[in-house]
Amino acid sequence: MNRVVAWFEDNKRDLPWRAPEAGPWGVLVSEVMLQQTPVARVLRVYEYWMARWPSPAHLAEESLAEVLRAWDRMGYPRRAKRLQEAAHVIVTEHGGVVPSQLEALLALPGVGDYTARAIRCFAFGIAEAVVDTNVRRVVARVQAGQGEAGPPRTVADRANVSALLETLDDTASQCVGAAGLMELGAIVCKARAPECSSCPIADLCQWRISGYPPYEGATAAKQARFEGSDRQVRGIILRELRSSDTPVPLSFLRTLWSEQEQFERALSSLLEDGLIETGPDKSAEYRISGS
DNA sequence: GTCCCGATGA
DNA sequence: TCATCGGGAC
């Protein structure tokens with residue numbers, strides 16, 4: 001693990017949420033954005049958000065419509081709504097300061113096992129086994145000699161990573177080690193086309209040593225196609241409403257997608273998620289929530 | 001076309 | 001335990 005720490009110090013990407021001035025709020029915002037969206041697409045939106053809403057109180061006071069617009073096209077817009085809800089909780093329950101207690105973080109909307117521990121480690125310097133899919137893949141390869149990580153076993157996965165971090169002798173380096181494992185998985189030990197020649201621990205990697213055996217464990221469920229999915233329809237509807245300052249007639253929205261049953265399903269799910277609402281002319285027009 | 005990614009609630 | 005939830009990179 002010492003080599004992972006040294007490698008990270010020399011090779012880490014220069015990301016804005018890693019700067020000290022990002023603070024716990026910047027770490028929280030970035031981690032939520034990064035939950036399902038690649039770094040390259042997060043960067044621009046993150047900078048805009050932090051400039052516009054530099055504290056939880058700023059975000060909590062904003063209209064939901066503006067929050068959803070600023071989320072732009074990062075996908076899974078429920079994350080934006082939950083992040084604002086989390087800001088509300090931080091203001092009302094924690095005096096506007098991002099909490100450092102694990103239980104308090106887990107109680108924030110949109111914050112789960114991974115994000116809570118990432119905030120503690122990266123924002124507060126508290127040693128935690130931060131396990132994302134990158135880390136699970138690195139551990140599967142280096143220690144188990146498996147090409148990929150199989151189904152998540154949260155408790156066992158954390159124990160594995162804890163044991164690795166505990167080989168480092170102080171809290172600060174354990175936090176760096178946690179970040180290092182993630183970075184290694186993100187830019188070297190990639191799911192496809194790993195770059196073992198750049199890996200600081202290639203000589204220890206059981207998967208490489210045994211000649212990259214193909215993965216034989218339980219295979220993850222195949223991802224449904226995006227084209228033609230309900231997700232795509234939701235995205236199309238929300239994109240239209242984001243860009244409109246006035247309620248959009250249902251009759252026009254219907255023209256955006258030919259299959260009416262699927263359109264209605266997508267529209268209903270957006271309503272249920274609280275991302276859109278009906279305009280003054282009930283059920284005949286829709287707008288983004290909180291306009 | 002295939003893959004990537006964490007939280008949530010059923 | 002598993003389906004749902006986006007949109008871009010490859």
Side-chain angles (χ1 to χ4, degrees), chain A residues 27-46 68-86 89 102 105-122 128-138 140 147-158 161 181-183 185-195 215 218-242 256-257 262 265-276 288:
Chain A
V27 173
L28 170 54
V29 170
S30 69
E31 288 297 345
V32 171
M33 290 180 170
L34 292 164
Q35 278 169 1
Q36 299 290 275
T37 307
V39 166
R41 276 201 287 147
V42 165
L43 279 170
R44 187 185 126 265
V45 180
Y46 171 82
L68 291 173
R69 288 194 174 103
W71 194 255
D72 199 42
R73 303 178 60 190
M74 290 203 300
Y76 299 113
R78 289 186 301 189
R79 288 182 292 163
K81 187 167 187 291
R82 289 184 182 139
L83 186 47
Q84 191 188 31
E85 289 163 2
V89 173
L102 185 62
L105 289 166
L106 289 170
L108 298 176
V111 175
D113 274 333
Y114 162 76
T115 306
R117 289 178 171 78
I119 292 167
R120 278 165 64 78
C121 207
F122 306 145
E128 286 281 359
V130 188
V131 182
D132 70 351
T133 64
N134 288 323
V135 173
R136 297 197 319 110
R137 183 175 59 251
V138 170
E148 50 189 273
R153 282 304 338 137
T154 315
V155 175
D157 291 342
R158 272 208 298 273
V161 174
L181 286 176
M182 292 180 58
E183 190 79 342
I187 68 181
V188 173
C189 195
K190 297 177 287 189
R192 287 180 287 191
E195 294 168 14
Y215 180 68
T219 169
K222 286 212 165 42
Q223 160 107 4
R225 317 174 203 339
F226 177 63
E227 286 294 320
S229 68
D230 287 7
R231 292 176 181 177
Q232 185 185 24
V233 186
R234 282 168 57 103
I236 288 168
I237 295 171
L238 202 57
R239 185 177 182 175
E240 186 63 36
L241 298 187
R242 266 200 315 262
L256 299 173
W257 194 256
Q262 189 177 31
R265 193 163 62 237
L267 192 72
S268 298
S269 74
L270 287 169
L271 277 168
E272 282 169 25
D273 287 345
L275 298 173
I276 67 173
I288 201 157

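The nearest whole Å value for the distance from the CZ atom in A:Arg117 to the P atom in B:dA7 is 10 Å. What separates CZ of A:Arg192 from P of C:dG8 is a distance of 17 Å, to the nearest Å. Between the P atom of C:dT4 and the CD atom of A:Gln262 lies a distance of 12 Å, rounded to the nearest Å. The separation between A:Leu105 atom CG and B:dA7 atom P is 12 Å, rounded to whole Å. Atom OH of A:Tyr215 and atom P of B:dC3 are 14 Å apart (whole Å). We find that CD of A:Gln84 is positioned 18 Å from C1' of B:dA7, with the value rounded to whole Å. Summarising the geometry, the separation between CZ on A:Arg44 and P on C:dG7 is reported as 14 Å, rounded to the nearest angstrom. Between the C1' atom of C:dT4 and the CZ atom of A:Arg265 lies a distance of 12 Å, rounded to the nearest Å.
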Show me the protein contacts with nucleotides 8-10 of chain B, counting only N or O atoms at under 3.5 Å.
| from | atom 1 | to | atom 2 | distance (Å) |
| --- | --- | --- | --- | --- |
| B:dT8 | OP1 | A:Gly110 | N | 2.4 |
| B:dT8 | OP2 | A:Val111 | O | 3.4 |

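Residues of residues 73-80 of chain A having a heavy atom closer than 4.0 Å to DNA chain C, listed by number: A:Arg73, A:Gly75, A:Tyr76, A:Pro77, A:Arg78. Within residues 31-39 of chain A, the residues approached by DNA chain B to less than 4.0 Å at the level of any non-hydrogen atom are A:Gln35, A:Gln36, in residue-number order.
In terms of position on DNA chain B, the residue among A:Val131 and A:Ala224 whose nearest nucleotide sits closer to the 5' end is A:Ala224. When each of A:Asp273 and A:Ala40 is assigned the nucleotide of DNA chain C bearing its nearest heavy atom, the one mapping closer to the 5' terminus is A:Asp273. Across the interface with DNA chain C, nearest-nucleotide mapping of A:Arg239 and A:Pro152 shows A:Pro152 to be the residue nearer the 5′ end.
Checking B:dG6, C:dG8, C:dT1 against every side-chain atom of A:Tyr114, the shortest atom distance belongs to B:dG6. Here B:dC4 is the nucleotide among B:dC4, B:dC5, C:dT1 with the atom lying nearest to any side-chain atom of A:Ala191. Side-chain atoms of A:Phe226 lie closest to C:dG7 of the nucleotides B:dT2, C:dG7, B:dG6. Residue A:Arg225 has its side chain nearest to B:dT2 when only B:dT2, B:dC5, B:dG6 are considered.
Every residue two or more places apart in sequence or in another chain that forms a side chain to side chain donor-acceptor pair (under 3.5 Å) with A:Glu195 is listed here: A:Lys190. Scored by the salt bridge (charged side-chain N to carboxylate O under 4.0 Å, His left out) test, A:Glu31 finds no partners at all (sequence neighbours excluded). In this view, A:Arg136 and A:Asp157 satisfy the salt bridge (charged side-chain N to carboxylate O under 4.0 Å, His left out) rule, not counting sequence neighbours. Legend: residues meeting side chain to side chain donor-acceptor pair (under 3.5 Å) with A:Arg44, ordered by chain and number and at least two apart, are absent. Evaluation of the ring-ring contact (aromatic ring centres under 6.0 Å, His included) rule for A:Tyr46 yields A:Trp17 as partners, not counting sequence neighbours. Legend: residues meeting side chain to side chain donor-acceptor pair (under 3.5 Å) with A:Gln36, ordered by chain and number and at least two apart, are absent. Under the salt bridge (charged side-chain N to carboxylate O under 4.0 Å, His left out) criterion, A:Arg265 pairs with A:Asp230, sequence neighbours left out. In this structure A:Arg120 satisfies the salt bridge (charged side-chain N to carboxylate O under 4.0 Å, His left out) test together with A:Glu128, sequence neighbours excluded. For the side chain to side chain donor-acceptor pair (under 3.5 Å) test, no residue two or more places apart in sequence or in another chain qualifies with A:Thr133.
The shortest distance between the side-chain N/O atoms of A:Thr133 and the OP1/OP2 oxygens of B:dG6 is below 4.0 Å.
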- [ ] Would you sort out whether A:Tyr114 and A:Val130 count as a side-chain contact (heavy atoms from CB on, under 4.5 Å), showing the intermediate values?
- [x] CA-CA 6 Å; A:Tyr114 162 76; A:Val130 188; 3.4 Å; yes
**OP:** Check the pair A:Arg82, A:Val111 against side-chain contact (heavy atoms from CB on, under 4.5 Å), reporting the backbone distance first and the verdict last.
**Re:** CA-CA 9 Å; A:Arg82 289 184 182 139; A:Val111 175; over 6 Å; no
Q: Evaluate the side-chain contact (heavy atoms from CB on, under 4.5 Å) criterion for residues A:Leu68 and A:Ile276: first the C-alpha distance (whole Å), next the side-chain angles of each, then the deciding distance (0.1 Å), finally the verdict.
A: CA-CA 10 Å; A:Leu68 291 173; A:Ile276 67 173; over 6 Å; no
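Within the 4.0 angstrom heavy-atom criterion, only backbone atoms of the sugar-phosphate kind lie near A:Arg137; the bases stay farther away. At a threshold of 4.0 angstrom between heavy atoms, the contacts of A:Arg153 are confined to the sugar-phosphate backbone, with no base atom among them. Backbone-only contact: A:Asp132 has heavy atoms under 4.0 Å from sugar-phosphate atoms and none from a base. Counting non-hydrogen atoms under 4.0 angstrom, A:Thr115 reaches the backbone sugars and phosphates but no base.
Here CG of A:Leu34 is found 8.5 Å from CE of A:Met74. Values are rounded to the nearest 0.5 Å.
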